[in-house]
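Have a look at the structure below before the remarks.
Within every chain, numbering begins at 1; the chains are lettered A, B, ... in the order of the sequence lines, protein sequences first and strands thereafter. Side chains are part of it too, since the values below use all heavy atoms of this structure and drop only hydrogens, waters and symmetry mates.
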Amino acid sequence: MNVPSLESTEMFQALPQYPDHPALEEEILAWWEEARIFDRLRERNRGRAHWSFFDGPKTANTTDGLGVHHLWGRTYKDVFQRYKALQGFDQRYQNGFDCQGLWVEVKVERDLGLNSKREIEEYGLAAFARRCRELVTESARVVTRQSIRLGQWMDWGNDYYTFSDTNIEYIWRFLKKLHERGWLYQGHRSTEWCPRCGTSLSQHELSQSDVYRDKSDPSLFVRFPLKGRDRESLIVWTTTPWTLPANVAAAVNPEAEYGRQDTGEWVAVERFPEDTFVERVRGSDLVGLEYEGPYDHLQPAQGIVHRVIPWDEVSLEEGTGVVHIAPGAGTEDFELSKVHDLPVLVPVDESGRFLPEYGWLHGTSTVEAADQIVGDLRERGLLEHAETYVHRYPHCWRCETPLIFRVVDDWFIAVDELRPRLLEANASVQWTPAFYGKRMDDWLRNLGDWNISRKRYFGLPLPIYPCACGHVNVIGSKAEMEERATSGLDQLEELHRPWVDNVPIRCESCGEEVRRVPEVGDVWLDAGIVPFSTLGWQNPEWIPEGYATGAAKGLTRADLPDHAYWEKWFPAHWVTEMREQIRLWFYSLLFMSVVLDGRAPYQQVLGHEDVRDEHGHEMHGSRGNTIEAEEALSRMGADVMRWMYCEQAPTQGVKFGYTPAGEIKRRLLTLWNSAKFFVDYANVAHFHPQPGKTETSQALDRWLYARTGKLVADMEDAYDRFWTPDVIRAFMAFVDDLSNWYIRRSRRRFWSEDAEALQALWHALSRSVQVIAPVMPFLADHLWRVLRTDDQPDSVFLEPWPERGAIDAQLLEEVAEVRAIVELGRQARGEAGLKLRQPLRRMVVQGAEKAQGHAAEIGEELRIKEVEFGPVEAAELRVKPNLPLLGPKLGKELGAVRAALQAGEFEQLEGGGVRVNGHEFGADEILVERGAREGWALAEADSLTVAVTTELDDELRKEGRVYDLTHQLNTMRKEAGLALTNRIRVVLPARDGDLLDYEDRIKDEVLATEIVVGQVEEPQIEMV
RNA sequence: GGGCGAUUAGCUCAGUUGGUUAGAGCGCCGCUCUGAUAAGGCGGAGGUCCGUGGUUCGAAUCCACGAUCGCCCA
């Protein structure tokens, strides 16, 4: 059909056949900006009941833009903020950027071509810090632009940047408080260490995905000759040759049996069941034996007595049952050194290269040393056997370098005393999905002390100043620093290295000058403090732009609010991030909040899995299946992407791609077509909607109003549970009802410009657009602008969330039953091979209790003249027990009754019941199925049975031909390209002359002015 | 090794407190309706609901054990 053009008298702007999502979205974006829609929404909600959401900071370390995996979370954030805004809640909308720490440093190092800490220091820490800030600035710009394109409404320009002096000061306060409680300490322990980054990694950095990867290492069986035992030796197994020079002991399982082979080699018997042994002893009998260390000739090992120690954990699953112990190069080894008072040799420096005292190994890396050590052992006859071994091994999450273990001094937060409080706080949180809450519990229960120090440059400077007198000074603010500084304040540009290092302070215990430790802090301190630093916790006075300090100055205009503000907005009602944040941001938030305030910082959490490609594979650059946000936004549009994210349950990865996007676009067409249908007919009818009007004389309209009310209720319910798959389901179910029931049933009313029908449809469409707006803000606002009246707000987001209204549940059930009957009617017709164009005489419906008032509707829908409700007469009866009733009643006897019923061994009673096996059952206790009699077709489902007559008489046949003819003529109209309003003249062949009995009806159906019989073989039409 | 999830149609997934014939979307085949629809409707093919055992009148659903996959921890 032709699209009516918008004339001056027409109310609604015509819609094209298909939406162009990306184009439409660009228009809406520009208009939102120009008409200040978001500002007006915030103004409207200001001062109303508030809803608090904290945004997890996006690391601002790349200028390549976002990937589609970032946009799932951003979509959730926007969907629920928009939903709450529609409901009138006042919100903050503060976006955040994570700006310092290894993520940023490593990217800058790469950009600058630096490859070690020495090169960074040569480059200069001040210049390096400036480059970090530049990267953050540019990265934030790109992220902001793309987020806006996604439709994310945030308070852009007032973002928080974690490298702000204010943020840093709040962490200082936190650390000072820990120190006062005695929970901050310096630990000397073995930790995972990245030799490239030159720093240790914390437990939660190791918990990131991609850390454990398959790695191929040498697998060595090395001979440790026993002292005082001629030609006897221990055989140890190791996959880290570089640790052998640090060997100080060998551990055996005291309970296991060890055997000496005729070669003099001692191993666990269980490991070598095929071998023969000349002597067998228990592991405990070996304990105390001394052996020659593999590198006793190097200086560090000289004078060390190597001996055999017992260790219950020695595995008999792999190796030889004798474990080489190097306390300076392994965590468990280090713990054993404390128990057995073993010396600790740390063989490599912070870049993983051997120290000078290791002679010929000096300067080689752990990797290079491996080959040399293998060769050396072989030469000296100490290598029993060598092969290659593939195992899971931790790698640095940023630079992918295999980690080593080093014993170093780091700063830790003791968690044992806090653990019960953390668990208690987590118990108050409502997690979606619920099992993520268990994950957090699990993490909290197994948590080791938090290593917060990093031996790096551009990060949170730890405010720790240990003094030679033994006192550890921890300062809690910049003011305190200024007060206690002995010099250097004039050069303090911001609270970062190098500037902050040049401000020594006076020791509060002895008065001597002390300097800051060189370490910076874990990035999760930066992110975890956000609910305190951005909300003005304990800040006496509101400071305009008070958050925009230090490195953040000029990047944001965020204020530092006062404590009353914090009281209002803390804790968050809701936060959402990806699953891995349980052990990262969700954890650091919880931790810092429990320390400072004793409460959980959030009440509800929504977590989600990761984004996959459309085949379910992880997106990887190397696989070539990644999709950049920019490309997806411009090719499929933001609404389609948002829909894709929302449709998927958060417990499973979203399968993202252009194939599912195409499917979504097609499904969205039903809504679009419904709106287009309305617009076309409303314009023809010069219809003017009346917002709020729901009175009507028609039952079908009343049904639509009720159905629309239920839509609002269903959507609210799903949004309130933060479960977007149900949002999508509820919406699609409604659109289906609207299009395939209401509009289809009402077509003739629209042709006749029925204002009640137009009003009902307008109401339903407006409501649909309102309730789906959080998910698809662009399409929703586009349609809203087409549908709205002049008295309504210009954006759907300025229209208050709709009331559900009174929902006529009974009517909804009635129509649901009508639709079930119609479906069965079609099925029965189909079985009898009677197409819908052929009218039928009679239909009987049994088992319908609610649909009885809708007989005419059913008849019309199925083109059946008489619709009766009552018992279906049947050729045969099949009776089944109604299980929910008879199951509990009969128990074990049910089987026998069921069998008897199936065999037909029953007697029918008055009122529809039966007698079987001596029991009498009422009509409600059994289910009856019927076989069709001659001349009837039958279909049934659940308790409904529908029977239609299959016999045709002349009148029915003739009517069938009228429908065929109408169909044929309309097809011809369509093929001739006639418009909706064109009138035609029809010439029929002589054989169809009898159909003129229905002349008026045909004229009406095909918009004919005249029908005549002429000398033609087939019907013909011409425009008049 | 421990914990948490998952396993249902060719694909992607639903499946309420245990109940009769396990569903939807997409894809495939046939039919059909249509003056919004590139759509819709009906029917069909396609399921050992991962397996085994148990509880129960009755299990995709509850329990136990096992398998496979994923995530986390060790």
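- Rounded to whole Å, the P atom of B:rG44 lies 13 Å from the corresponding atom of B:rA22.
- Base contact: A:D1004 has a heavy atom under 4.0 Å from a base atom.
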For nucleotides 6-14 of chain B, list the nitrogen or oxygen atoms of the protein found under 3.5 Å from its nitrogen or oxygen atoms, one pair per line.
unit_1 : atom_1 : unit_2 : atom_2 : d
B:rC13 : OP1    : A:K655 : NZ     : 2.2

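- When the nearest nucleotides of RNA chain B are assigned to A:N740 and A:R744 by heavy-atom distance, the more 5′-ward of the two goes with A:R744.
- Using a 4.0 Å heavy-atom criterion, one finds that A:E823 contacts the sugar-phosphate atoms exclusively.
- Remark: A:E332 CD is loosely packed, at most 12 non-hydrogen atoms of other residues, nucleotides or ligands lying under 6.0 Å away.
- Taking the six-membered ring for Trp, A:F12 and A:F678 have ring centres closer than 6.0 Å.
- Checking B:rC4, B:rC71, B:rU37 against every side-chain atom of A:E618, the shortest atom distance belongs to B:rC71.
- A:D714 pairs by the side-chain contact (heavy atoms from CB on, under 4.5 Å) definition with A:K710, A:A730, not counting sequence neighbours.
- Between A:R666 and the phosphate of B:rG27, there is a side-chain N or O to OP1/OP2 separation shorter than 4.0 Å.
- Taking the C1' atom of each, B:rC11 and B:rG46 are spaced 12 Å apart, rounded to whole Å.
- Close to B:rC33, at under 4.0 Å from its OP1 or OP2, lies a side-chain N or O of A:R837.
- Closest to the side chain of A:F435, from the set B:rC71, B:rA36, B:rG5, is B:rG5.
- Residues meeting the side chain to side chain donor-acceptor pair (under 3.5 Å) test with A:K889, sequence neighbours left out: A:E925.
- Here B:rA74 presents its C1' atom at 12 Å from CH2 of A:W443, a figure rounded to the nearest Å.
- Residues A:R863 and A:R837 come closest through the heavy atom pair NH1-CA, 3.6 Å.
- Note: CG (A:L668) to C1' (B:rA39) measures 13 Å, nearest angstrom.
- The side chain to side chain donor-acceptor pair (under 3.5 Å) search around A:E857 returns A:H854, not counting sequence neighbours.
- A salt bridge links A:D717 with A:R721: the distance from a Lys NZ or Arg NE/NH1/NH2 to an Asp or Glu carboxylate oxygen falls below 4.0 Å.
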Between protein and nucleotides 54-63 of chain B, what N or O pairs are separated by less than 3.5 Å?
unit_1 : atom_1 : unit_2 : atom_2 : d
B:rC57 : OP2    : A:K892 : NZ     : 2.9
B:rC57 : O4'    : A:G891 : O      : 2.8
B:rC57 : O4'    : A:K892 : N      : 3.3

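- A:R748 has its CZ atom 11 Å from the C1' atom of B:rU34, to the nearest Å.
- For A:Y436 and B:rC4, the shortest distance from a side-chain N or O to OP1 or OP2 is not below 4.0 Å.
- A:E647 pairs with exactly one of A:R642, A:R729, A:K655, A:R667 by the salt bridge (Lys or Arg N to Asp or Glu O under 4.0 Å) rule, that one being A:R667.
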Step-by-step side chain to side chain contact (heavy atoms under 4.5 Å, CB included) determination, A:M843 to A:V845 = CA-CA 7 Å; A:M843 166 184 197; A:V845 180; 3.9 Å; yes
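- In this structure, A:R707 forms no cation-pi arrangement with A:Y742, as its terminal cationic atom is not both closer than 6.0 Å to the ring centre and no more than 45° off the ring axis.
- B:rC73 and B:rC26 have their C1' atoms separated by 39 Å, with the value rounded to a whole Å.
- Rounded to a whole angstrom, the distance from the C1' atom of B:rU21 to that of B:rA36 is 36 Å.
- Judged by distance alone, with hydrogens and angles left aside, A:R439 brings a side-chain donor or acceptor within reach of the base of B:rC71, the pair sitting under 3.5 Å.
- If you check every strand for non-hydrogen atoms under 4.0 Å, A:I743 touches a base.
- The C1' atoms of B:rU68 and B:rC50 are separated by 8 Å, rounded to the nearest whole Å.
- Between B:rU52 and B:rA59, the two P atoms lie 14 Å apart (nearest whole Å).
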Pair pattern of RNA chain B in dot-bracket, where unpaired bases get dots and | marks partners in another strand, Watson-Crick or G-U under 3.5 angstrom = (((((((..((((.....[...)))).(((((.......))))).....(((((..]....)))))))))))).
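- Atoms CZ (A:R829) and C1' (B:rC33) sit 11 Å apart, rounded to a whole Å.
- Relative to the side chain of A:N446, the nucleotides B:rA36, B:rC73, B:rU34 differ in distance, and B:rC73 lies closest.
- Because its NZ or CZ atom is not both nearer than 6.0 Å to the ring centre of A:Y681 and within 45° of the ring axis, A:R747 does not count as a cation-pi partner of that residue.
- If you check distances only, the side chain of A:S739 does reach the base of B:rA36 with a donor-acceptor pair under 3.5 Å.
- For A:R667, taking side-chain heavy atoms from C-beta onward, the closest of the listed nucleotides B:rC73, B:rA36, B:rG25 is B:rG25.
- Residues A:R829 and A:I864 share a closest heavy-atom pair of NH2-CG1, 4.4 Å.
- Using a 4.0 Å cut-off, some side-chain N or O of A:W751 falls inside it from OP1 or OP2 of B:rA36.
- Distance, A:E663 CD to B:rA24 P: 15 Å, rounded to whole Å.
- Note: CZ (A:R826) to P (B:rC33) measures 12 Å, nearest angstrom.
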Going through the distances and angles, do A:R826 and A:E861 end up as a salt bridge (Lys or Arg N to Asp or Glu O under 4.0 Å)?
-> CA-CA 9 Å; A:R826 288 207 192 98; A:E861 196 56 23; 3.2 Å; yes
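- Across the P atoms, B:rG43 and B:rG70 are found 40 Å apart, a figure rounded to whole Å.
- Nearest nucleotide to the side chain of A:K880, out of B:rC71, B:rU21, B:rA36: B:rU21.
- A:F586 has its ring centre no less than 6.0 Å from the ring centre of A:Y436.
- Here A:P725 lies out of heavy-atom contact (under 4.0 Å) with every strand.
- Between B:rG19 and B:rC13, the two P atoms lie 24 Å apart (nearest whole Å).
- Around CD of A:Q968, the count of heavy atoms belonging to other residues, nucleotides or ligands within 6.0 Å exceeds 12.
- If you take CG of A:N970 and C1' of B:rU37, they are 16 Å apart, rounded to a whole angstrom.
- Toward the 5' end of RNA chain B, the nearer of the two residues A:D964 and A:L738, judged by each one's closest nucleotide, is A:D964.
- Atom pair A:Y742:OH and B:rU37:P shows a separation of 19 Å (rounding to whole Å applied).
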